[in-house]
Visitor: 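Submitted below is the structure of interest, expressed as structure tokens.
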Number of protein chains: 2
Amino acid sequence: MTGYAPAEAARRSGFSLDTLRYYEKIGLLADVERTAGGQRVFTDDDLGWLVLFRCLRDTGMPIAQMRRYAQLAREGEHTVDERRELLRRHAEQVEEQMRLLQRQYDHLREKIRFYERLPGR
Amino acid sequence: MTGYAPAEAARRSGFSLDTLRYYEKIGLLADVERTAGGQRVFTDDDLGWLVLFRCLRDTGMPIAQMRRYAQLAREGEHTVDERRELLRRHAEQVEEQMRLLQRQYDHLREKIRFYERLPGR
DNA sequence: CTCCAACCTGGAGTGCGCTCCAGGTCAAGG
DNA sequence: CCTTGACCTGGAGCGCACTCCAGGTTGGAG
């Protein structure tokens, strides 16, 4: 029964304390356990969710969509198809994002080459 | 002497009219020509800048830095070294961004594989 | 038991990059 | 000339994802 204090959860997940509270407030992270006194105790499961949120956030998924995913997961087994499809559609968008980024990176490198070939240094 | 009306410039650059005006207002795009009556006329040169801004924006450069670059370019030849370095530093950040995106994309694909391997469909 | 760093809440504030609006002006086709 | 759609300005507003704050509570070390 591992439990992490807020500061520890923040350190492990890379999110700030405020962000963890925010994620709970908007219903991304649900039912975070509390001590008798009301202080949060994060479980390994919570940490797992945070790792996923980081992945989705870093790949540009809007919070509303992450919330939808989390919501579906909470509804149980019968939503697995929808969850899988949601992730697949997102993955496609990430692929598009990567292609665009690569393309613009190539432009950028060419622009830099232009500067490097400039006469007089 | 090609000149483009605002709507045409927007179409060609992919930026909205409002964004074009905004870019001029904040000093990204300087000295856009006008008709006698005050309406903007975009040149091929302006369009070139817009293509660059799109590249930089799509690769995540903040507007303040784009403005700095544009400022340097306007100051003349003696800023080429600084401009090149600015672009190089940015390119490095884009590389880092691409690595992160790839890493998180891999996580995402693995998560999707998890769903695909799920027993019972 | 005391202390104090870490935690709590609700709500306001921030930064970014646009986007929209009202109320007027311009200019090209008919 | 007249119409009308594209354009102008200054400034307010928006959506997102946090981030910060005040004022109070908790809980483990000593």
Visitor: Can His90(A) and Gln93(A) be counted as having a side-chain donor-acceptor contact under 3.5 angstrom?
Guide: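 Absent: no donor and acceptor within the cut-off.
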Visitor: Could you state the CG-P distance from Leu28(B) to dC16(C), rounded to the nearest angstrom?
Guide: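 Spelled out: CG on Leu28(B) to P on dC16(C) is 14 Å.
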Visitor: With no hydrogens and no angle check, do the side chains of Gln104(A) and His107(A) hold a donor and an acceptor under 3.5 Å apart?
Guide: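 Side-chain D/A pair, Gln104(A) to His107(A): present.
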Visitor: Rounded to the Å, how far apart are Arg34(A) CZ and dT25(D) P?
Guide: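 Rounded to the whole Å, the gap is 16 Å.
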Visitor: Tyr23(A) or Arg40(B): which one's nearest nucleotide on DNA chain D is closer to the 5' end?
Guide: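 Closer to the 5' end of DNA chain D: Arg40(B).
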Visitor: Pick base, sugar-phosphate or nothing for Arg21(B), based on heavy-atom distances below 4.0 Å to the nucleic acid.
Guide: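 Answer is base: heavy atoms of Arg21(B) come under 4.0 Å of a base.
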Visitor: Take atom OH of Tyr22(A) and atom P of dG13(C), then tell me their distance rounded to the nearest Å.
Guide: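 Whole-Å distance recorded here is 18 Å.
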Visitor: Send over the distance from Ile26(A) CD1 to dA17(D) P, rounded to a whole Å.
Guide: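 Nearest whole value for this atom pair: 8 Å.
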Visitor: Starting at CD of Glu24(B) and ending at P of dC7(D), how long is that distance when rounded to a whole Å?
Guide: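 Going from CD in Glu24(B) over to P in dC7(D) covers 14 Å.
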Visitor: Would you work out how much the helix from dC1(C)-dG30(D) to dG30(C)-dC1(D) bends between its ends, with each end axis defined by five base pairs, to 10 degrees?
Guide: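 Its terminal axes enclose an angle near 10°.
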Visitor: Could you tell me whether Arg99(A) and Glu96(A) make a salt bridge, using a distance below 4.0 angstrom between a side-chain N and a carboxylate O?
Guide: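 Glu96(A) and Arg99(A): salt-bridged.
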Visitor: Under a 4.0 Å N-O cut-off, is there an ion pair linking Asp81(B) with Arg84(B)?
Guide: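 So Asp81(B) pairs with Arg84(B) through a salt bridge.
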Visitor: Does Lys111(A) make a cation-pi contact with Phe114(A), if we ask for NZ or CZ under 6.0 Å from the ring centre and within 45° of the axis?
Guide: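 Yes, a cation-pi geometry holds between Lys111(A) and Phe114(A).
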Visitor: Does Arg21(A) pair with Asp18(A) as a salt bridge, N-O distance under 4.0 Å?
Guide: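 Counted as a salt bridge, because a side-chain N and a carboxylate O are separated by less than 4.0 Å.
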Visitor: Can you see which heavy atom on Ile26(A) is nearest to which on Arg67(A), and at what distance?
Guide: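 Minimum heavy-atom separation between Ile26(A) and Arg67(A): O-CD, 2.9 Å.
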Visitor: Counting side-chain heavy atoms from CB outward, which of dC26(C), dG11(D), dA17(D) is closest to Thr35(B)?
Guide: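 Side chain of Thr35(B) sits closest to dC26(C).
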Visitor: Less than 4.0 Å between a side-chain N and a carboxylate O, is that true for Arg83(B) and Glu75(B)?
Guide: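 No, Glu75(B) and Arg83(B) are not salt-bridged.
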Visitor: For a quick test of reading the model: is some side-chain N or O of Thr19(A) closer than 4.0 Å to OP1 or OP2 of dT19(D)?
Guide: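 For dT19(D), OP1 or OP2 has a side-chain N or O of Thr19(A) closer than 4.0 Å.
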Visitor: Let me know the distance between CD of Gln39(A) and C1' of dA5(C), rounded to the nearest Å.
Guide: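 Roughly 11 Å, once rounded to whole Å.
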Visitor: Can you pull out the residues from residues 44-65 of chain A that lie within a 4.0 Å heavy-atom distance of DNA chain D?
Guide: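 Going residue by residue through residues 44-65 of chain A, the ones with a heavy atom under 4.0 Å of DNA chain D turn out to be Arg57(A), Pro62(A), Ile63(A).
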Visitor: Mind checking the CG-CG spacing from Asp45(A) to Leu50(A)? Nearest 0.5 Å is all I need.
Guide: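 One gets 10.0 Å once the value is rounded to the nearest 0.5 Å.
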Visitor: To the nearest angstrom, how far is Lys25(B) atom NZ from dC16(C) atom P?
Guide: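 Going from NZ in Lys25(B) over to P in dC16(C) covers 17 Å.
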Visitor: What's the CG-C1' distance between Asp18(B) and dG13(D), to the nearest Å?
Guide: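 The answer, rounded to whole Å, is 12 Å.
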Visitor: So Ile63(B) and Tyr23(B), do their side chains get closer than 4.5 Å, heavy atoms only?
Guide: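 Side chain of Tyr23(B) against side chain of Ile63(B), heavy atoms only: contact under 4.5 Å found.
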Visitor: Residues of residues 4-15 of chain B with any non-hydrogen atom less than 4.0 angstrom from an atom of DNA chain D: list those, numerically ordered, please.
Guide: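 The stretch gives Ala5(B), Pro6(B), Ala7(B) as the residues lying under 4.0 Å from the strand, ordered by number.
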